[in-house]
Trainee: 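Let me give you the structure first, and then I'll get to my questions.
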There are 2 protein chains.
Amino acid sequence: MAETRHKPGPRRTLTEAEIVDAALALLDTGGPQAASIRRIAAAVTVAPNAVYTYFPDKAAVERALVERVLAEVTGSEPGGDWRERAVTLAVDLRRQLIAHPGVVALMLSGPLDGPHALRLGEHLLELLAAGGLDPASAARAAYLLKVYVLGAVALEVADVPPGMLPSEAERIAARRVALSEVPAQTFPRTAAASGMMAASVGAEQFRWGLRRVLDGLRAEAKLDGLQAEAKLD
Amino acid sequence: MAETRHKPGPRRTLTEAEIVDAALALLDTGGPQAASIRRIAAAVTVAPNAVYTYFPDKAAVERALVERVLAEVTGSEPGGDWRERAVTLAVDLRRQLIAHPGVVALMLSGPLDGPHALRLGEHLLELLAAGGLDPASAARAAYLLKVYVLGAVALEVADVPPGMLPSEAERIAARRVALSEVPAQTFPRTAAASGMMAASVGAEQFRWGLRRVLDGLRAEAKLDGLQAEAKLD
DNA sequence: ACCTGAACACCGTTCAAGT
DNA sequence: ACCTGAACACCGTTCAAGT
């Protein structure tokens with residue numbers, strides 16, 4: 001914490017990683033408006049424009065932020081049922097994204113073409129192929145799973161006020177309150193559903209939905225399997 | 001187009017709807033950065049702070065924008081298979097959101113609790129109940145369908161550069177180009193999948209994924225049906 | 001190459017004042 | 001109540017200059 005005042009000149013005590021770490025901390029604690037270039041620079045005790053030595057623009061910092069978070073998603077070990085492996089990967093990805101709600105919006109604001117995004121996509125395709133899906137089915141299945149995970153996380157995170165990282169119990173409680181304010185006479189089913197939904201929002205609801213999606217894919221995979229066998233005959 | 005210069009004073013020629021329409025046009029043609037309070041005000045030829053007579057802050061304008069777009073989603077008529085009705089509703093919602101890509105980010109940046117959002121949610125619950133799903137199953141199924149539609153649209157729209165409203169063919173071509181740049185030696189499956197994916201992105205892929213989700217729900221619904229019958233015995 | 005101070009063209013929002 | 005001009009505290013980004 002040495003309060004060193006720096007004159008202009010080469011230092012290179014700063015790293016891309018340090019900047020991204022500072023940006024992530026700001027995003028987590030203060031929401032998107034706290035993750036400005038100027039505040040990031042202040043956090044690493046540097047002039048605002050010094051950031052542009054390391055990143056061409058703010059979009060590049062945001063891409064690095066997404067990659068930073070995706071880097072910590074490991075994936076699943078080979079072997080075993082492909083559906084279980086898919087669940088493991090999806091749950092792991094969800095946990096990481098829920099821990100950094102601000103990053104979810106960044107993921108959906110541009111193409112997911114960074115190295116770690118591609119690595120996870122490749123991992124998923126690999127896993128599906130190992131489960132016996134032909135390449136075409138695996139490609140569509142991987143896309144569907146990506147849609148499910150990102151959609152579920154985005155909706156889960158949408159209610160979270162920026163800068164707050166409440167526990168799952170707190171998020172569920174907050175949702176319960178929000179849904180209980182729905183006028184029951186105009187939206188009776190929505191109001192009635194609020195009680196059941198609130199209890200199942202979160203990891204449990206996520207796993208349930210994921211199971212439904214995988215059930216839907218299983219039928220497709222079987223069909224493809226039959227078609228493949230038919231071709232072999 | 002009379003270039004009337006206005007002195008301060010009550011006019012009330014301006015409406016909330018006019019402001020929202022102007023904001024939507026700016027968002028569609030220029031992306032999120034074009035939909036600033038100042039540019040919206042300029043579009044309706046008014047001083048920037050005049051907007052605050054109609055909306056408390058920018059977030060309120062954004063909520064109105066979401067409602068404006070959701071208002072045009074009709075839903076499906078009663079009768080017929082509930083799965084077909086769900087497809088109709090989902091496809092209708094997708095078409096409306098794809099036409100206004102900038103609104104998708106706004107939808108995912110806060111709770112979807114506006115009147116039209118609630119109306120569509122209620123419509124979906126109604127449709128599922130008419131199909132024989134018990135309230136608890138319908139609530140979870142509705143949430144899953146919401147996740148799928150919003151996730152699919154968000155991913156589809158993520159690549160679209162702000163301000164461009166390319167045709168579906170153009171978006172498919174753009175995605176093909178983007179995916180063809182994936183290094184094939186490090187991500188072989190992703191590179192291989194690019195060819196198949198590119199052809200199926202868009203409305204066709206959307207319907208396919210929706211069918212998978214509905215297939216997954218069908219198994220669940222049957223199970224619930226059996227449980228309900230068992231209870232009646 | 002790396003950093004600074006200063007400036008530019010923007011933001012959202014507030015305030016006092018005019019009708 | 002509705003609108004204006006002016007101002008405030010911010011942005012992202014660029015530029016010329018220093019080491």
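By convention in this document, chain letters (A, B, ...) are assigned in the order of the sequence lines, proteins followed by strands, and residues within each chain are numbered from 1. This one's a predicted model, so the numbers in the text were calculated from it and none came from an experiment.
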Trainee: Which base sits across from dA17(C) as a Watson-Crick or G-U pair, both distances under 3.5 Å?
Mentor: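 None - no nucleotide pairs with dA17(C), as no candidate has both distances under 3.5 Å.
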Trainee: So which nucleotide from dC11(C), dT4(C), dG12(D) ends up closest to the side chain of Arg38(B)?
Mentor: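 My answer, after comparing the listed nucleotides, is dC11(C).
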Trainee: Examine Phe206(A) together with Tyr148(A) and report whether their ring centres are nearer than 6.0 Å.
Mentor: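 Close enough - the centres of the two rings lie under 6.0 Å apart.
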Trainee: Under 4.0 Å between a side-chain N/O of Arg39(B) and OP1 or OP2 of dC10(C), yes or no?
Mentor: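 No, outside the criterion.
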Trainee: Whole-Å distance between dG12(C) C1' and Ile40(B) CD1?
Mentor: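 Checked: the CD1 to C1' distance equals 11 Å.
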Trainee: Report the nucleotide, chosen from dT13(D), dT4(C), dC2(C), that has the shortest atom-to-atom distance to any side-chain atom of Thr53(A).
Mentor: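 Of all the options, the side chain of Thr53(A) is nearest to dC2(C).
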Trainee: Do Arg68(A) and Asp21(A) sit within salt-bridge range, that is, some charged N less than 4.0 Å from a carboxylate O?
Mentor: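 Answer for the salt bridge query: yes.
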Trainee: Quickly work out the Gln33(A) CD to dG12(C) C1' distance and round it to whole Å.
Mentor: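 After rounding, the gap between these two atoms is 10 Å.
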Trainee: Could you tell me how far apart Tyr52(B) (OH) and dC15(C) (C1') are, to the nearest whole angstrom?
Mentor: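 One finds 13 Å between C1' of dC15(C) and OH of Tyr52(B), rounded.
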Trainee: Can you check the Phe55(A) CZ to dC2(C) C1' distance for me, whole Å?
Mentor: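 About 15 Å, once rounded to whole Å.
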Trainee: Under a 3.5 Å cut-off for both contacts, is dC11(C) paired Watson-Crick or G-U wobble with anything, and if yes, with which nucleotide?
Mentor: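 By the stated definition (distances under 3.5 Å), nothing pairs with dC11(C).
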Trainee: According to a strict under-4.0 Å criterion, is Tyr54(B) in side-chain N/O contact with OP1 or OP2 of dC3(D)?
Mentor: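 Result: yes.
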Trainee: Looking at Arg94(B) and Glu156(B), does any basic side-chain N land under 4.0 Å from a carboxylate oxygen?
Mentor: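 So Arg94(B) pairs with Glu156(B) through a salt bridge.
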Trainee: Taking the side chain of Lys58(A) as heavy atoms from C-beta outward, which of dT13(D), dC3(C), dC2(D) is closest to it?
Mentor: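 Selected nucleotide: dT13(D).
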Trainee: Does Glu18(B) use its side chain to pair, donor to acceptor, with the backbone of Val44(B) at less than 3.5 Å?
Mentor: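 Checked: no pair found.
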Trainee: Among dT13(C), dT4(C), dT13(D), which is the nearest nucleotide to the side chain of Ile37(B)?
Mentor: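 Minimum distance to the Ile37(B) side chain belongs to dT13(C).
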